[in-house]
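Contents: one structure, followed by commentary.
Sequence lines set the chain letters: A, B, ... in the order given, protein chains first and strands last, and positions in each chain run from 1. What you are looking at is a predicted structure, and each value in this text was computed from that prediction instead of being measured.
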There are 2 protein chains.
Amino acid sequence: MRPNKRDELVRKALQVFYRDGFHATGMDKLVVETGVSKTSMYKHFRSKEDLILAALQLRDESFRKWFLCRVEELADTPADQLIASFDVLGEWFQEDSFRGCMFIKAGAEYQEQDHPIHVHAATYKKLMLEFLTDLARKAGARDPKALGCQLLLLQEGAIVTAVLVKNCDPAKDAKTAARVLLENALG
Amino acid sequence: MRPNKRDELVRKALQVFYRDGFHATGMDKLVVETGVSKTSMYKHFRSKEDLILAALQLRDESFRKWFLCRVEELADTPADQLIASFDVLGEWFQEDSFRGCMFIKAGAEYQEQDHPIHVHAATYKKLMLEFLTDLARKAGARDPKALGCQLLLLQEGAIVTAVLVKNCDPAKDAKTAARVLLENALG
DNA sequence: GATAAAGTTTACCGATCTGTACATGTTGAG
DNA sequence: CTCAACATGTACAGATCGGTAAACTTTATC
């Protein structure tokens with residue numbers, strides 16, 4: 001049984017794109033870093049951008065799965081889970097490989113709103129918003145949509161800040177703010 | 001008196017980089033878009049990255065100047081100015097040319113923390129944090145640093161969300177949240 | 001061993017990349 | 001008009017870009 005070359009390619013390409021950027025990573029570099037031949041790449045994917053989309057898809061699934069599972073491990077109630085999501089963010093920020101949000105990067109490098117890569121990044125953010133809004137509803141917020149949006153803003157802000165601002169603890173700051181907003185939304 | 005070619009180059013290059021990205025924009029394209037010859041470009045700047053840095057510097061100065069002035073025009077007291085800063089964000093988001101934060105893009109495309117471009121992006125965010133923290137202090141917040149950080153998170157989150165999430169009003173959501181956080185910080 | 005599927009190697013394509021060199025043209029002050 | 005400063009135009013360099021083609025090798029199943 002031969003190892004799945006396509007999956008290996010996507011997995012490794014994801015790492016390279018995440019570390020070095022999309023436009024800044026050429027196909028020849030991917031050959032070297034993934035150990036997969038260029039011919040095989042074009043056998044599995046029609047173009048570089050299709051490969052990027054597959055990498056984003058993998059990132060989407062694996063990261064969200066990890067995130068949601070981790071939130072559920074840390075807290076039982078919807079309200080506690082909303083707060084715990086910021087602890088999970090903090091865990092992520094502490095990882096050596098942390099380089100910010102791959103979907104923010106995708107949206108930044110592919111800015112045309114109808115570009116498939118941009119669309120994929122937007123879809124991912126929409127799913128995170130829905131997750132937060134759903135938890136906010138379950139937690140009994142008077143306006144779950146508003147609270148969900150506000151918590152998303154904190155999360156996105158924390159991610160950007162974790163990349164760019166030194167000597168600060170954005171996950172912790174965001175968690176503190178989230179507590180205040182949650183209390184306000186439930187009270 | 002000859003128009004300042006260097007300034008014109010930087011101004012136009014800034015627009016192109018903002019619209020199309022840094023790595024995705026080549027020097028030949030800049031020649032076409034700016035009307036400045038490649039020779040002149042290399043006369044004024046040693047490299048493409050030096051030109052990018054100059055563009056970031058221009059963006060830094062012009063945007064912050066506009067932002068701060070606009071905040072002061074909209075409100076008189078520090079507390080009101082903190083809230084008004086979200087209205088100013090909203091104005092920015094409504095501009096046709098809005099494409100998100102150029103410094104987030106710079107940090108995304110140049111991820112090495114010691115890279116001059118990344119450093120410049122980080123410096124910009126630090127200045128915005130100081131601005132908010134200063135206003136928070138003047139507004140009488142018990143912990144101006146914490147409030148400044150929280151409001152920065154909301155602003156950064158609003159910018160990212162304005163780019164990637166449809167059918168939402170991130171500036172308004174952020175403003176609502178900022179009100180709650182400010183009240184909590186002053187009360 | 002035979003064989004099909006999968007994958008690699010090598011070379012190539014036209015285009016573009018960042019940056020350099022040199023000849024030529026333009027501008028504005030004196 | 002002269003002339004220095006500034007800018008343009010053109011061609012080039014070596015490298016890389018995304019992608020293609022053909023020959024060859026490897027793998028796994030029968």
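Rounded to a whole Å, the CZ atom of R6(B) is 15 Å from the P atom of dT8(D). Rounded to a whole Å, the CE atom of M41(A) is 12 Å from the P atom of dC17(D). What separates CZ of F45(B) from C1' of dG19(C) is a distance of 16 Å, to the nearest Å. The distance from atom CD of E8(B) to atom P of dC6(D) is 16 Å, rounded to the nearest whole Å. Nucleotide dG18(D) holds its P atom 13 Å from the CZ atom of F22(A), rounded to whole Å. Distance, L51(B) CG to dT18(C) C1': 12 Å, rounded to whole Å. Between the NZ atom of K29(B) and the P atom of dC17(D) there is a distance of 18 Å, rounded to whole Å. dG7(C) atom P lies 7 Å from atom NZ of K43(A), rounded to whole Å.
Residues F131(A) and L127(A) form no side-chain contact, since every pair of their non-hydrogen atoms from C-beta on lies 4.5 Å or further apart.
At the phosphate of dG7(C), OP1 or OP2 sits under 4.0 Å from a side-chain N or O atom of H44(A). Close to dT8(D), at under 4.0 Å from its OP1 or OP2, lies a side-chain N or O of K5(B). Residue S40(B) places no side-chain N or O under 4.0 Å from the OP1 or OP2 atom of dA7(D).
When ring centroids are compared, Y110(A) and H23(A) come within the 6.0 Å threshold.
When each of dT20(D), dG7(C), dG19(C) is scored by its nearest atom to the side-chain atoms of Y42(B), the top-ranked nucleotide is dG19(C). The side chain of V36(B) has dT8(D) as its nearest neighbour among dT9(C), dT8(D), dG19(C). In this structure, the nucleotide among dG7(C), dT18(C), dT8(D) sitting nearest to the side chain of T39(B) is dT8(D).
Judged by closest nucleotide on DNA chain D, D28(A) is the one of R46(A) and D28(A) placed further toward the 5' end.
Within the nucleic acid shown, H23(B) has no heavy atom closer than 4.0 Å to any nucleic acid atom.
Ring orientation note: the planes of F103(A) and H120(A) are close to parallel, at an angle under 30° on the 30°/60° scale.
Counting non-hydrogen atoms of other residues, nucleotides and ligands closer than 6.0 Å to NZ of K138(B) gives a total of 12 or fewer.
Between K12(B) and E8(B), at least one side-chain nitrogen of the basic residue sits less than 4.0 Å from a carboxylate oxygen of the acidic one, meeting the salt-bridge criterion.
Judged by atom type and distance alone, K38(B) does not reach the base of dG9(D) through any side-chain donor-acceptor pair under 3.5 Å.
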